[in-house]
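Structure, as structure tokens:
Per chain, numbering begins at 1; letters A, B, ... match sequence-line order. Hydrogens, waters and symmetry mates play no part in the numbers below; they use all other heavy atoms, side chains included.
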There are 2 protein chains.
Amino acid sequence: MCEKSIKELVDHYINVSFSVNKIAEGLVKEQIGSDLTNDQHYTLRYINKVGTCTSSELAEVFDVKKSAITAIITRMWEKGLIQRTRDENDRRVVYLTLTDKGNELFLKTEERIQALVESFITRFDQSEVVQFLKTFDKLNEILTERKSKVE
Amino acid sequence: MCEKSIKELVDHYINVSFSVNKIAEGLVKEQIGSDLTNDQHYTLRYINKVGTCTSSELAEVFDVKKSAITAIITRMWEKGLIQRTRDENDRRVVYLTLTDKGNELFLKTEERIQALVESFITRFDQSEVVQFLKTFDKLNEILTERKSKVE
DNA sequence: GTTTAACTGTTCAACTATTTAACTATTAAC
DNA sequence: GTTAATAGTTAAATAGTTGAACAGTTAAAC
């Protein structure tokens with residue numbers, strides 16, 4: 001009986017997370033507009049946060065191969081959103097930073113996404129949101145741990 | 001002060017949901033194996049659940065254009081996982097069902113994914129999971145509502 | 001009853017994303 | 001000094017996506 005209950009919870013989680021992800025992705029895409037794809041916005045977002053990073057770092061964060069990152073960065077570089085700078089000490093490394101244009105575009109779209117997320121997050125009690133994020137964080141930790149074990 | 005707090009919550013949510021999605025997607029991909037992609041598994045999953053559906057229905061559920069569904073279904077049809085049957089009453093409609101092979105493959109991979117999700121869901125108190133899913137459901141409802149408004 | 005409008009699904013061209021494998025250039029290890 | 005490992009790129013193959021145009025079918029208007 002208890003086993004069945006867990007299976008139901010698991011099934012429930014898979015269904016809801018699929019649905020939420022799909023819809024949220026679609027809504028975010030609308031806010032981003034046609035200038036960028038979702039991945040490109042998240043790339044801007046990450047580089048904006050850390051200031052400077054490498055392709056390998058992005059590959060780790062996005063959980064894809066480095067060649068996939070090269071493709072994404074090249075597209076954004078062609079649009080003038082990202083700058084590539086070789087490290088003079090270790091000439092294998094290429095540092096990625098946002099151009100002014102990239103930063104501007106990020107801020108513009110991020111504002112819209114923040115407003116979108118805020119518009120539905122404020123429909124919950126603050127305590128409920130805090131509790132939800134607490135569990136979400138814990139899930140994130142467990143997944144991160146699991147991921148590094150697998151590798 | 002309260003405004004800043006909301007902004008922080010929003011930022012927190014965006015970061016965590018991005019991270020969880022990326023990692024979970026990667027882990028699920030490993031469980032699915034090379035026979036299928038994530039989207040293909042979720043397609044099997046949906047058709048298995050409802051028994052029979054149409055391309056338009058899938059486009060709605062996956063939140064993509066119908067031409068995208070046609071491409072996915074054709075690939076799976078070529079692998080012998082999905083059957084296409086014309087409705088004889090309304091000859092515009094094509095019903096999609098799983099073949100035996102499709103159903104078998106779904107069950108095999110679903111078992112592994114269930115085990116994966118169970119392995120981390122059981123690291124939470126049951127009450128915490130229930131509360132989390134309750135909030136997740138509510139979020140799902142709000143997003144669904146918002147999505148239908150936009151359209 | 002015929003024309004018009006709406007709907008279901010497909011095709012095509014263009015694009016983004018991804019993986020695998022081979023490769024260049026560079027640095028570290030022994 | 002040769003060998004290992006590392007950072008990043010390239011190229012071919014595959015998946016997914018959109019937008020626009022299209023065929024076939026059904027419903028509505030008149």
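When rounded to the nearest whole Å, the span between CG of B:Leu81 and P of D:dA15 equals 12 Å. The distance between atom CD of A:Glu30 and atom C1' of D:dT17, rounded to the nearest whole Å, is 15 Å. Nucleotide C:dT19 holds its P atom 11 Å from the CG atom of A:Asp39, rounded to whole Å. In this entry the distance linking CZ of B:Arg86 with C1' of D:dT26 reads 13 Å, nearest Å. Distance A:Ile69 CD1 to C:dT20 C1': 16 Å, rounded to the nearest Å. If you measure from atom NZ of A:Lys65 to atom C1' of D:dA15, you get 16 Å, rounded to the nearest angstrom. Counting to the nearest Å, the P atom of C:dA17 and the CG atom of A:Leu58 are 13 Å from each other. As rounded to whole Å, 13 Å separates atom P of C:dT11 from atom CD1 of B:Ile73.
When distances run from any side-chain atom of A:Gln40 to the nucleotides C:dT16, D:dA7, C:dT18, the shortest one goes to C:dT16. Nearest nucleotide to the A:Ser55 side chain, out of D:dG16, C:dG9, D:dT9: D:dT9. Candidate nucleotides C:dG9, D:dT18, C:dT10 were compared by shortest atom distance to the side chain of B:Arg84, and C:dT10 ranks first. Checking D:dG8, C:dT11, C:dT19 against the side-chain heavy atoms of A:Val64 singles out C:dT19 as nearest. If you check C:dT27, D:dT17, C:dA17 against the side chain of A:Arg91, the one that comes closest is C:dT27. With C:dA17, D:dG16, D:dA20 as the candidates, the nucleotide lying closest to the side chain of A:Thr37 is C:dA17.
Pairing for D:dC30 goes to C:dG1, judged as Watson-Crick or G-U wobble with the two contacts each under 3.5 Å.
With hydrophobic clusters built from ILVMFWY side chains whose heavy atoms lie under 4.5 angstrom apart, B:Val20 shares a cluster with A:Val130. Hydrophobic cluster membership differs between B:Leu98 and B:Trp77, with clusters built from Ile, Leu, Val, Met, Phe, Trp and Tyr side chains linked at under 4.5 angstrom.
Toward the 5′ end of DNA chain C lies the nearest nucleotide of B:Thr70, the other residue of the pair A:Lys79 and B:Thr70 mapping further downstream. Comparing A:Glu25 and A:Lys66 by the nucleotide of DNA chain D that holds the closest heavy atom to each, the one mapping nearer the 5' end is A:Lys66.
Regarding contacts with the backbone of D:dA7, every side-chain N or O of A:Arg92 stays at 4.0 angstrom or more from both OP1 and OP2. Side-chain nitrogen and oxygen atoms of B:Arg75 include at least one within less than 4.0 Å of the OP1 or OP2 phosphate oxygen of D:dG16. For C:dG9, the OP1/OP2 oxygens have a side-chain nitrogen or oxygen of B:Ser56 closer than 4.0 Å.
An anti base is found at C:dA17: its glycosidic angle is more than 90° from 0.
B:Phe106 and B:His41 have parallel rings, their planes meeting at less than 30° on a 0 to 90° scale where 60° marks the start of perpendicular. Relative ring orientation between A:Phe132 and B:Phe132 is described as parallel, the plane-to-plane angle staying below 30° on a 0-90° scale split at 30° and 60°.
Using a 4.0 Å heavy-atom criterion, one finds that B:Thr54 contacts the sugar-phosphate atoms exclusively. No contact: B:Asp87 has no heavy atom under 4.0 Å from any strand. If you check every strand for non-hydrogen atoms under 4.0 Å, B:Ile72 touches sugar and phosphate atoms only.
In this model, a donor atom of one side chain and an acceptor atom of the other lie less than 3.5 Å apart for A:Ser119 and B:Arg146.
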For B:Glu128 and B:Arg123, run salt bridge (Lys or Arg N to Asp or Glu O under 4.0 Å): C-alpha distance rounded to whole Å, both residues' side-chain angles, the deciding distance at 0.1 Å, then the answer.
CA-CA 10 Å; B:Glu128 190 176 0; B:Arg123 291 183 54 184; over 6 Å; no
